[in-house]
Protein chains: 2
Amino acid sequence: MHDDDAQSLTVGLLAASRALVDGISAGVRARGFDDLRPAHGFTFARLAPGGATITQLAEHLDVTRQAAAQLVDELTAKGYVERRPHPDDGRARLIMLTEKGWACTRAADAAMADTVRPWAAALGERRMLALRDDLIRIAPHGPLRPTW
Amino acid sequence: MHDDDAQSLTVGLLAASRALVDGISAGVRARGFDDLRPAHGFTFARLAPGGATITQLAEHLDVTRQAAAQLVDELTAKGYVERRPHPDDGRARLIMLTEKGWACTRAADAAMADTVRPWAAALGERRMLALRDDLIRIAPHGPLRPTW
DNA sequence: CAGATTAGGCAAGTGGCTTGAGCATATAGG
DNA sequence: CCTATATGCTCAAGCCACTTGCCTAATCTG
């Protein structure tokens with residue numbers, strides 16, 4: 001692995017990553033959810049399993065609680081999430097996806113599949129699965145966050 | 001390629017991309033260039049071949065000319081680039097890297113190699129080169145820009 | 001040489017984030 | 001118990017990278 005290889009790998013990885021984000025973003029917008037930014041996707045990903053508190057969301061996104069609260073305010077106003085009283089802790093609130101939030105999540109999954117499909121066609125099934133396995137092998141398994 | 005595969009590919013790609021950016025950023029900082037953000041790296045990449053005008057830089061980064069000018073102001077103040085009169089066009093200015101800018105570019109290349117090295121060790125030379133080739137195959141070949 | 005176009009700069013406004021302070025609820029110690 | 005500390009969240013103000021809107025200077029077009 002020479003330096004030139006490292007550079008071309010970097011270029012390929014960043015370009016592919018950006019293409020993926022752009023594709024998902026465009027696909028979600030095309031499906032009628034045109035008031036969202038990519039960062040919201042990471043929020044949905046954290047909320048989907050069963051909701052989360054503001055603090056948990058802030059840790060996941062690596063922003064302050066105030067920033068997370070503001071994001072939830074916006075998503076609440078747009079009807080994607082709702083604040084509920086937390087069942088175990090009177091101080092906390094549990095943020096959960098609304099039906100509209102779930103619909104958007106499904107749209108994102110579909111957009112993801114649409115974006116990846118031409119890649120599978122170009123590389124073939126075998127190499128595509130190898131690509132997925134290798135990426136997962138080298139990537140850290142932490143929370144998924146915006147790149148920068 | 002099922003939907004689940006597309007999702008895991010997305011997760012791997014975004015996580016790897018972020019790990020790469022973080023690694024490069026940390027490596028550049030560790031080498032003494034601690035007043036730069038990842039976005040500046042994309043600027044350097046465009047300027048390295050032989051300089052560029054504000055307008056060309058703005059197009060490359062996909063921001064307004066004012067934003068590009070502001071970025072150049074900052075990099076000029078920090079000593080990484082300099083504005084020269086454009087040889088062919090009296091209106092334009094050619095932005096070029098200073099020696100410090102070149103030193104930073106070399107540091108970024110080294111940081112890139114450092115970040116990628118453990119991946120090559122984990123996957124082996126063969127799969128690593130295949131990964132690079134596949135990524136370049138599926139990624140668009142346009143200008144390299146921040147992901148979002 | 002007059003009009004349109006292009007390169008760049010100046011000024012003000014915006015959005016997403018931060019830091020700082022404060023209130024309500026929960027947990028721990030005497 | 002009851003006080004002291006920690007935790008979850010919110011309100012308010014400020015910051016910074018970026019935007020839109022307008023301007024001047026230089027170049028191209030007919």
Side-chain angles (χ1 to χ4, degrees), chain A residues 18 21-22 25 29 34-47 50-78 80-96 143-148, chain B residues 18 21-22 25 34-47 50-78 80-96 143 145-148:
Chain A
R18 170 152 172 120
V21 170
D22 285 351
S25 186
R29 254 184 283 112
D34 59 349
D35 54 357
L36 295 175
R37 293 174 294 110
H40 296 134
F42 295 92
T43 305
F44 284 29
R46 180 61 182 85
L47 296 182
T53 65
I54 292 284
T55 298
Q56 291 171 332
L57 194 54
E59 284 170 2
H60 179 77
L61 298 173
D62 195 27
V63 296
T64 59
R65 288 187 305 267
Q66 291 86 331
Q70 183 174 313
L71 206 123
V72 168
D73 283 343
E74 182 190 348
L75 289 178
T76 301
K78 290 177 178 171
Y80 292 101
V81 307
E82 60 183 0
R83 291 175 206 253
R84 297 190 187 176
H86 196 287
D88 304 331
D89 190 332
R91 298 167 299 179
R93 307 217 192 174
L94 190 59
I95 318 296
M96 300 199 71
L144 212 51
R145 290 174 183 154
T147 305
W148 58 81
Chain B
R18 170 153 172 118
V21 171
D22 285 351
S25 187
D34 59 349
D35 53 358
L36 295 176
R37 291 175 293 112
H40 296 134
F42 295 93
T43 304
F44 283 30
R46 179 63 182 84
L47 297 182
T53 64
I54 291 284
T55 298
Q56 290 171 332
L57 195 54
E59 284 171 0
H60 178 77
L61 299 173
D62 196 27
V63 297
T64 58
R65 287 187 306 259
Q66 289 84 336
Q70 182 175 314
L71 206 122
V72 169
D73 283 344
E74 182 190 349
L75 289 178
T76 301
K78 290 177 178 172
Y80 292 102
V81 307
E82 59 184 0
R83 291 175 205 252
R84 298 188 188 178
H86 196 288
D88 305 331
D89 190 333
R91 299 167 298 180
R93 306 216 192 174
L94 191 58
I95 318 294
M96 300 198 71
R145 290 174 184 156
T147 305
W148 58 82

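In what follows, every chain begins at residue 1, and chains take the letters A, B, ... in the order their sequences are listed.
Distance CG/D34(A) to CZ/R29(A): 8.5 Å, rounded to 0.5 Å. Here the CG-OG1 distance, from L75(B) to T43(B), works out to 6.0 Å after rounding to the nearest 0.5 Å. Once rounded to the nearest 0.5 Å, the distance linking OG1 of T76(A) with NZ of K78(A) reads 11.0 Å. Here the CG atom belonging to L57(A) is positioned 12.0 Å from the CG atom belonging to D62(A), to the nearest 0.5 angstrom. One finds the OG1 atom of T53(B) at 11.5 Å from the CZ atom of R83(B) (value rounded to the nearest 0.5 Å).
For D89(A), the listed nucleotide lying nearest its side chain is dG8(D); candidates were dC18(D), dG8(D), dG9(C). When distances are taken from the side chain of V63(B) to each of dC9(D), dG8(C), dT19(D), the shortest belongs to dT19(D).
Rounding to whole angstrom units, CZ of residue R37(A) and C1' of dG15(C) are separated by 8 Å. Note: CG (D73(A)) to P (dC17(C)) measures 13 Å, nearest angstrom. The separation between L71(B) atom CG and dG8(C) atom P is 14 Å, rounded to whole Å. Remark: C1' of dC9(D) and NE2 of H86(A) are 13 Å apart, rounded to the nearest angstrom. Atom P of nucleotide dA26(D) and atom CZ of R93(B) are separated by 11 Å, given to the nearest angstrom. In this structure, Q70(B) atom CD and dC15(D) atom P are separated by 15 Å, rounded to whole Å.
Applying the 3.5 Å distance criterion, the base of dG8(C) shares no donor-acceptor pair with the side chain of Q66(B). R91(A) contributes a side-chain N or O that forms a donor-acceptor pair with the base of dT7(D) under 3.5 Å.
Between R65(B) and the phosphate of dC10(C), there is no side-chain N or O to OP1/OP2 separation shorter than 4.0 Å.
When each of I54(B) and G90(A) is assigned the nucleotide of DNA chain C bearing its nearest heavy atom, the one mapping closer to the 5' terminus is I54(B). Each of A67(A) and T55(B) has a nearest nucleotide on DNA chain C; the 5'-most of these lies closest to T55(B).
If you check every strand for non-hydrogen atoms under 4.0 Å, A69(A) touches sugar and phosphate atoms only. T64(B) comes within 4.0 angstrom of a nucleotide base, judged by non-hydrogen atoms across all strands. Counting non-hydrogen atoms under 4.0 angstrom, A92(A) reaches the backbone sugars and phosphates but no base.
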